[in-house]
Every structure is written in C-alpha cells, then in structure tokens.
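For this chain, numbers begin at 1 and follow the sequence in order. Basis for what follows: all heavy atoms, side chains included, without hydrogens, waters or symmetry-related copies.
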Amino acid sequence: MDVEEVKAFTDRCSQCAAVSWGLTDEGKYYCTSCHNVTDYRVSLCSPGCPGTHSVDQAGLKLRNPSASASQVLGLKTCATTAQLDIQFLKRSEEVVSTAVIPNTKINSISRGLRQKSKLEKGCDWYVCEGFQCILYHQAEALETLGVSPELKNEVLHSFWKRYLQKSKQAYCKNPVRTSRRKAKVLEDSLQSSDWGSDLELLSDTTCPLESGAELQSDPQTPKPFPVTKGSPKSASVCSGSVDGVEYSEWKEKGLVKMTVPRTLALCYLSLLWQRETITLSDLLRFVEEDRIPYINAFKLFPEEMKVYGRDKGIFAVESWPNYEDIYKNMIEVAIFLDLPRFPDITEDCYLHPNTLCMKYLLEVNLPDEMHTLTCQVVKLTGIGEVDFLTFDPIAKMKRTVKYDVQAVAVIVVVLKLLFLLDDKLEWSYSDLAEAYNSKHREDTPQFDFRKWYQVMKKTFDEKRQKWEEARARETWYAWKTKRPLYRSHIDKSVAYKRREMVENLQKQFSALVGSAAAAEKQAPSSFQFNWTEEGTDSPCFHGHSLQGLLKTKGQSLITKNSLYWFSTQKFCKSYCKHVTTYEESNFSLSYQFILNIFSFLLRIKTSALHEEVSLLEKKLFEKKYNESKKSSRPKKVRRH
C-alpha cells in the first residue's frame with residue numbers, strides 16, 4: 001500500500017495520543033510510537049465500488065483476480081457491503097453537514113493533522129534541570145523559614161554552577177550531553193509541532209535559579225553521556241527527560257552523581273557556609289514536616305516537564321532522609337566540588353557547642369546552671385577551638401563535626417558527672433533534693449532528678465506517639481501524588497486510573513471511620529518541646545539549682561560525685577566501619593533514657609549518639625582512659 005494511504009489515517013492513538021501509523025500484515029493500523037494495534041483496517045474499496053477485490057498479503061497491492069484464484073492463493077476478498085473493512089471509512093461520511101444536527105461532536109478523519117500542545121506532549125528537558133528545579137524550591141522554602149536570601153542567590157547558586165562544571169554538564173567547553181532522540185516517531189512528531197526546538201540547558205524559563213548566567217559551550221556537537229553496550233539509540237523514549245536512560249547508566253570514576261538526597265546535602269553545605277541557625281537535624285525535621293520539598297519533589301516541575309520511565313528511579317524517593325546518609329553525602333559533595341575552607345566557626349556562632357548546649361538544655365528542661373559545666377567540658381576537650389569546628393574539605397587531615405550531636409554528647413557527659421547514671425546514685429540525690437524542697441518552699445528549689453524523669457517520660461512518650469502516628473499518616477499520603485509516575489506512555493492511563501481508584505477508596509474509608517479534620521500546621525520552631533512556668537503537668541526546671549550536687553574546693557566548685565564509668569572500654573580497630581558498639585542490656589536504664597530522648601530530638605540512631613559520647617569521654621579522660629582501657633568490663637574510676 002502507498003505511504004499516502006497510511007498518512008491519510010490521522011486519528012490519534014488511544015494510548016499515547018501520537019499520530020504515527022504503520023500497517024500490520026493483517027492490514028490493521030498500529031502506532032509506531034507505542035505499538036498499539038487499532039481495530040481499524042485499511043479499506044481497499046473506494047465508495048460505490050460495484051465489484052469484489054482482493055489484497056495480496058505480501059505486497060498489499062490492489063488486484064482483480066478471479067474468485068477461484070483468490071481462494072487458492074489465500075487472498076482476502078471484500079465486498080462493498082462489508083461493514084468491517086470500511087468501518088473507519090464510513091466514519092468520515094457519517095456527518096456531511098452538521099447544520100441540521102445540533103450539539104453533535106464531529107469525528108471526521110478528514111480534519112487534518114491536529115498539533116499537540118506543549119502541555120499534552122511535553123518538552124525536552126535534562127535531568128540536571130530537574131535537580132535544579134528541586135534546589136530552587138528547597139532554597140525558596142529555606143528563605144521562608146528565615147534564612148538569608150543570599151543563600152539562594154549567591155551561595156547555593158555558586159555551588160550548583162560549580163557542580164555542573166565539575167561534572168561536565170555545563171559551564172565548560174565540551175559539556176557531556178546526551179544524543180538527541182533518533183526514533184522516527186519522535187522525529188515525525190517534532191516536525192508536526194511548533195515546539196520541536198531544543199531547549200537550552202538550564203534556560204531561564206525552566207527555573208530561575210540560573211537566571212543571568214551564560215553558558216559556555218563548545219560550538220561543536222556536545223559529546224554524549226557514556227552509554228553501556230547494548231543501549232538502544234532511541235533509549236530516551238523510555239524516559240520523560242532527554243537523558244534519563246543515559247544518566248541512570250552513567251558511570252565514571254570519581255563522579256558524584258546528583259540525587260535527591262544530595263540536594264539536601266548541597267542545601268546543608270550552603271547553610272554551613274552562611275553559618276545559619278539551622279543544624280542538620282533541624283533541616284531533616286523540616287523535611288519531615290513538609291516545609292522543605294523532598295518526597296515527591298518532582299510534582300513541583302512545570303507541566304511541560306513530563307516525568308516517567310527511568311525518571312522514576314532518579315527523582316522518586318521512597319524513604320525519609322537519614323542523618324548519617326545526608327552527612328556522608330555532604331562530605332562527598334564538598335570534596336567533589338573541591339570547596340575551600342569554610343568560614344570560621346567562632347564562639348559567637350550558633351553552631352558553636354556552647355550555644356548549642358544552651359539550646360538543648362532548654363529543649364529537655366534541664367537547669368540553666370548546667371551550662372557552666374558544659375562550657376568547662378568544651379574547654380577541657382578542646383572541641384570549641386576554631387580549627388576544630390571549621391570545615392575544610394581540601395585539608396590533608398579532614399575533620400568533620402556533627403555540631404548538634406556533639407553538643408548533645410556534652411550534655412550527656414555532664415549528666416554522668418553529676419548523677420553517674422548507674423540507677424542508684426541519681427535516686428539517692430533525688431531523695432535529698434525532695435527533702436530539701438519540702439523544708440525550704442520559699443527558696444530556689446534544688447533539681448530533683450526523679451521528678452524531672454517523671455515529667456520528661458510522660459511528655460516524651462506523648463510526643464513520640466504523636467510523631468509515630470503522624471509519620472504513619474504521612475507515609476501513606478506522602479508517596480501518593482496527583483501526578484503519578486509511570487514506566488512509559490503505555491502505562492499512563494493505567495497509572496492515572498489506579499490513582500483515581502485510590503483516592504475514591506480513601507474518601508470512602510474516611511467517611512466510614514469519620515476521621516477528624518486535619519489539624520492546622522503549626523508555625524516552624526527550633527524547639528520541639530514547650531515548657532511553661534504555669535501548670536503542674538509540665539513544670540519548668542530551668543530555674544532550679546544544682547546546689548545539692550556541687551561542693552566547694554578552694555575557689556572552685558566541683559561535683560560531689562567523684563566516680564565515673566566509661567561508655568566504651570574497648571574501641572574497634574581503625575578498619576572497622578564503626579568505632580563503638582552499643583547494646584542496651586549493658587547499660588543502666590537512666591543512661592538509656594537520656595540517649596533515647598536526645599536521639600529522638602535529633603532523629604538519629606541511639607548507637608550514633610553513644611559513639612559520640614564515647615569519643616568525647618576519650619578526650620576528657622584521656623590519661624585515665626589509657627590506664628583503664630585494658631579492662632574489658634565497665635569499671636568506675638575516680639576523677640579527683
């Protein structure tokens with residue numbers, strides 16, 4: 001059959017809405033884009049044909065053989081009255097004049113080739129443009145939380161440009177770019193549309209993060225991504241982005257590929273450079289509260305950026321961010337970017353341990369007087385020095401500091417200095433404080449560890465339960481988006497139908513259980529607990545005194561408790577992945593409770609906090625630790 005007859009059939013495919021048809025051996029039309037076969041057949045008869053004809057299956061040429069020859073050769077005959085073979089042809093003749101048939105939808109194949117809009121078909125876009133869009137919205141969210149606008153306009157902008165240059169995706173003479181789509185169906189589709197021109201990488205219309213920047217590119221043809229053997233030339237049809245397939249298979253030694261978790265790492269590097277009042281644990285908590293885009297961040301893409309196929313593995317995140325993972329990604333990205341020494345962390349900075357210790361003392365409702373002891377521990381261990389705190393990725397001896405975890409570890413060490421936390425001494429001191437407070441009601445109350453434990457346990461259990469319930473609800477709804485992901489255009493209709501079914505079921509179940517309306521989102525805060533002076537349910541211990549726990553020695557105050565036990569007696573070898581081991585059964589209940597509270601506040605593992613406490617103890621009691629480390633069993637040592 002001639003090509004003109006195939007082009008005459010201009011109906012859109014029911015699966016992918018493309019207009020690119022071919023013919024099967026049976027004479028049916030099939031879509032060359034998604035290989036969907038329609039029920040329409042090619043008609044070999046012209047309207048008003050008086051006789052019978054047959055088609056040669058091999059050559060699809062119209063001939064007029066005899067009836068017997070048709071039967072012998074297996075040729076298919078068709079009469080002018082056969083409805084099946086001319087079904088699609090009659091559709092063009094059903095409506096000749098619509099003037100006498102009001103409100104009638106015209107379904108005529110003679111309407112010509114209708115062009116698809118940009119929103120329906122989408123535009124060409126690159127993976128790095130998708131990450132750029134995510135970074136832009138994350139920076140906007142941080143600015144909403146009170147971060148200086150310089151973070152987005154200067155710091156993060158410079159880091160992102162540096163990453164594109166280091167990864168050779170832009171801002172270089174010969175950027176690594178993917179080969180253009182070579183599938184015939186896409187070429188035909190582009191030729192028949194008005195949006196076929198290639199989008200410039202990191203154009204201003206895609207995302208305003210790169211506005212005002214000029215790309216330096218080689219006038220020659222950009223080289224494609226390294227593609228593994230066996231990858232088809234038209235692999236880009238398996239993703240909405242131009243380079244989705246190539247990017248997922250891109251492997252190069254020393255390359256740090258951008259991922260959604262690494263966008264958070266890049267944001268934290270920017271916060272650290274600016275010395276903002278947001279720690280890594282705060283950043284991850286804001287992500288959990290949906291104040292910073294992370295889960296389903298691709299829903300923020302413009303409608304023209306279609307996401308499907310391999311894009312799902314690149315932009316879809318199926319777990320909440322982990323503190324250790326984001327921290328490691330932050331270090332990897334900083335080394336890959338070859339960033340210089342960061343601005344100094346001085347004593348007046350928010351990230352200094354003295355400032356963070358005061359913040360977490362207020363958070364867990366401990367006395368303000370403990371801040372004096374925490375400052376002494378910071379001074380004795382040397383963790384408050386500028387060179388120790390400042391991040392320097394290019395230094396030979398790279399030193400990285402988990403500022404929030406380190407500050408919490410200082411507080412744990414001070415609590416062990418005061419109460420020993422062996423499930424005995426803290427309760428003895430509590431009896432003395434309770435007796436003193438009952439006799440001296442008008443004086444400043446002494447800190448009662450037992451009363452504090454009871455208040456904190458009740459508040460902590462309630463807070464944790466609410467968090468777990470909210471986490472379960474968010475886990476159910478967060479990954480469900482109105483813009484579902486699908487593997488290819490063939491699965492698009494199925495994905496949207498499944499999403500519609502899920503929404504209907506959710507509405508039905510919500511009506512059955514009578515779920516209450518969602519509570520209003522509270523304003524963002526650096527504190528998770530709220531302690532007030534009024535009320536007996538949550539009394540405030542900030543103003544309580546440590547008089548019963550200290551004694552005078554010369555001109556200084558020291559703790560009455562002279563014993564201390566090490567959290568770790570034996571460290572692992574240097575080639576081991578972890579430094580210490582933590583088993584709850586080996587430690588007191590008071591120590592476990594303290595670790596559980598702080599690990600919940602920072603959204604970290606309890607073992608990670610225990611490791612930081614052990615390293616801090618090693619610095620504080622270096623001499624006595626070296627004397628007692630040979631013993632494998634925990635041993636109490638005298639400090640003075």
Side-chain angles (χ1 to χ4, degrees), residues 277 279 345-386 388-389 401 403-421 425-426 429-430 432-433 436-437 440 443-449 451-453 455-456 526-527 529 531 533 539-564 567 590-591 594 597-598 601 609 612-613 615-622 624 638-640:
T277 58
T279 61
I345 303 297
T346 56
E347 193 169 355
D348 58 344
C349 292
Y350 178 78
L351 297 177
H352 194 276
N354 289 342
T355 305
L356 288 178
C357 283
M358 190 64 196
K359 185 247 184 182
Y360 289 116
L361 286 174
L362 296 174
E363 182 77 83
V364 295
N365 202 11
L366 286 172
D368 299 335
E369 293 183 5
M370 285 184 60
H371 187 246
T372 304
L373 298 177
T374 58
C375 292
Q376 293 182 13
V377 172
V378 169
K379 184 177 180 180
L380 291 174
T381 55
I383 63 176
E385 301 295 331
V386 174
F388 179 85
L389 294 173
V401 180
Y403 301 97
D404 41 9
V405 181
Q406 179 182 254
V408 166
V410 172
I411 298 176
V412 175
V413 170
V414 170
L415 287 173
K416 290 179 67 177
L417 290 172
L418 291 172
F419 299 101
L420 192 61
L421 300 182
L425 186 62
E426 59 267 30
Y429 282 158
S430 298
L432 296 176
Y436 176 87
N437 293 335
H440 305 81
D443 297 342
T444 302
Q446 292 186 2
F447 180 67
D448 187 344
F449 186 87
K451 188 175 181 180
W452 174 84
Y453 174 85
V455 172
M456 283 301 303
S526 298
F527 294 93
F529 294 105
W531 308 104
E533 296 288 348
C540 181
F541 293 89
H542 293 158
H544 287 212
S545 172
L546 299 179
Q547 181 180 355
L549 304 174
L550 302 175
K551 64 180 181 179
T552 304
K553 185 179 182 180
Q555 296 181 353
S556 59
L557 289 175
I558 62 174
T559 60
K560 290 183 178 180
N561 170 41
S562 60
L563 298 177
Y564 194 90
S567 301
S590 300
Y591 181 73
I594 297 296
I597 290 179
F598 283 116
L601 290 177
L609 178 56
E612 194 70 27
V613 171
L615 295 176
L616 188 63
E617 290 175 343
K618 187 178 181 180
K619 293 180 180 179
L620 184 61
F621 303 104
E622 184 175 2
K624 293 184 178 181
R638 290 193 174 274
R639 300 182 286 104
H640 50 79

Contact check, side chains of [X] and [Y], non-hydrogen atoms, under 4.5 Å:
X: Thr346; Y: His352; answer: no
X: Tyr436; Y: Gln547; answer: yes
X: Phe419; Y: Tyr429; answer: yes
X: Leu417; Y: Leu373; answer: no
X: Asn365; Y: His542; answer: yes
X: Val455; Y: Trp531; answer: yes
X: Met358; Y: Asp368; answer: yes
X: Val413; Y: Val613; answer: yes

Closest non-hydrogen atom pair between [X] and [Y], with its separation:
X: Leu420; Y: Leu563; result: CD1-O, 3.4 Å
X: Glu369; Y: Leu546; result: OE1-N, 3.0 Å
X: Ala407; Y: Pro353; result: CB-O, 4.4 Å
X: Ala409; Y: Glu612; result: CB-CG, 3.8 Å

Under a 3.5 Å distance rule, please check whether [X] uses its side chain to pair with a backbone N or O of [Y] as donor and acceptor.
X: Lys619; Y: Ile383; result: no
X: Glu363; Y: Phe529; result: yes
X: Asp404; Y: Leu356; result: no
X: Ser430; Y: Glu426; result: yes

- Could you walk me through whether Leu415 and Met370 pass the side chain to side chain contact (heavy atoms under 4.5 Å, CB included) check? CA-CA 9 Å; Leu415 287 173; Met370 285 184 60; 3.6 Å; yes
Quick check for you: to the nearest 0.5 Å, what is the distance between [X] atom [atom1] and [Y] atom [atom2]?
X: Met456; Y: Phe449; atom1: CE; atom2: CZ; answer: 10.5 Å
X: Gln406; Y: Cys357; atom1: CD; atom2: SG; answer: 8.5 Å
X: Leu616; Y: Phe621; atom1: CG; atom2: CZ; answer: 9.0 Å
X: Leu389; Y: Leu351; atom1: CG; atom2: CG; answer: 8.5 Å
X: Lys560; Y: Leu418; atom1: NZ; atom2: CG; answer: 11.5 Å
X: Leu609; Y: Ile597; atom1: CG; atom2: CD1; answer: 11.5 Å

- Pick from Asn561, Thr372, Thr559: which one makes a side chain to side chain contact (heavy atoms under 4.5 Å, CB included) with Leu550? Thr559
- Should the pair Phe541 and Phe447 be assigned to parallel (<30°), tilted (30 to 60°) or perpendicular (>60°) ring geometry? perpendicular
- State, without any angle test, whether Glu617 and Tyr564 hold a side-chain donor-acceptor pair at a distance under 3.5 Å. yes
- Task: For the residue pair Ser567 and Tyr591, confirm or rule out a side-chain donor-acceptor distance under 3.5 Å.
- Result: yes
- Are Lys379 and Cys375 close enough, and set up right, to give a side chain to side chain contact (heavy atoms under 4.5 Å, CB included), and what steps lead you there? CA-CA 6 Å; Lys379 184 177 180 180; Cys375 292; over 6 Å; no
- Query: Can you tell me if NZ on Lys451 sees more than 12 non-hydrogen neighbours from other groups inside 6.0 Å?
  - Reply: no
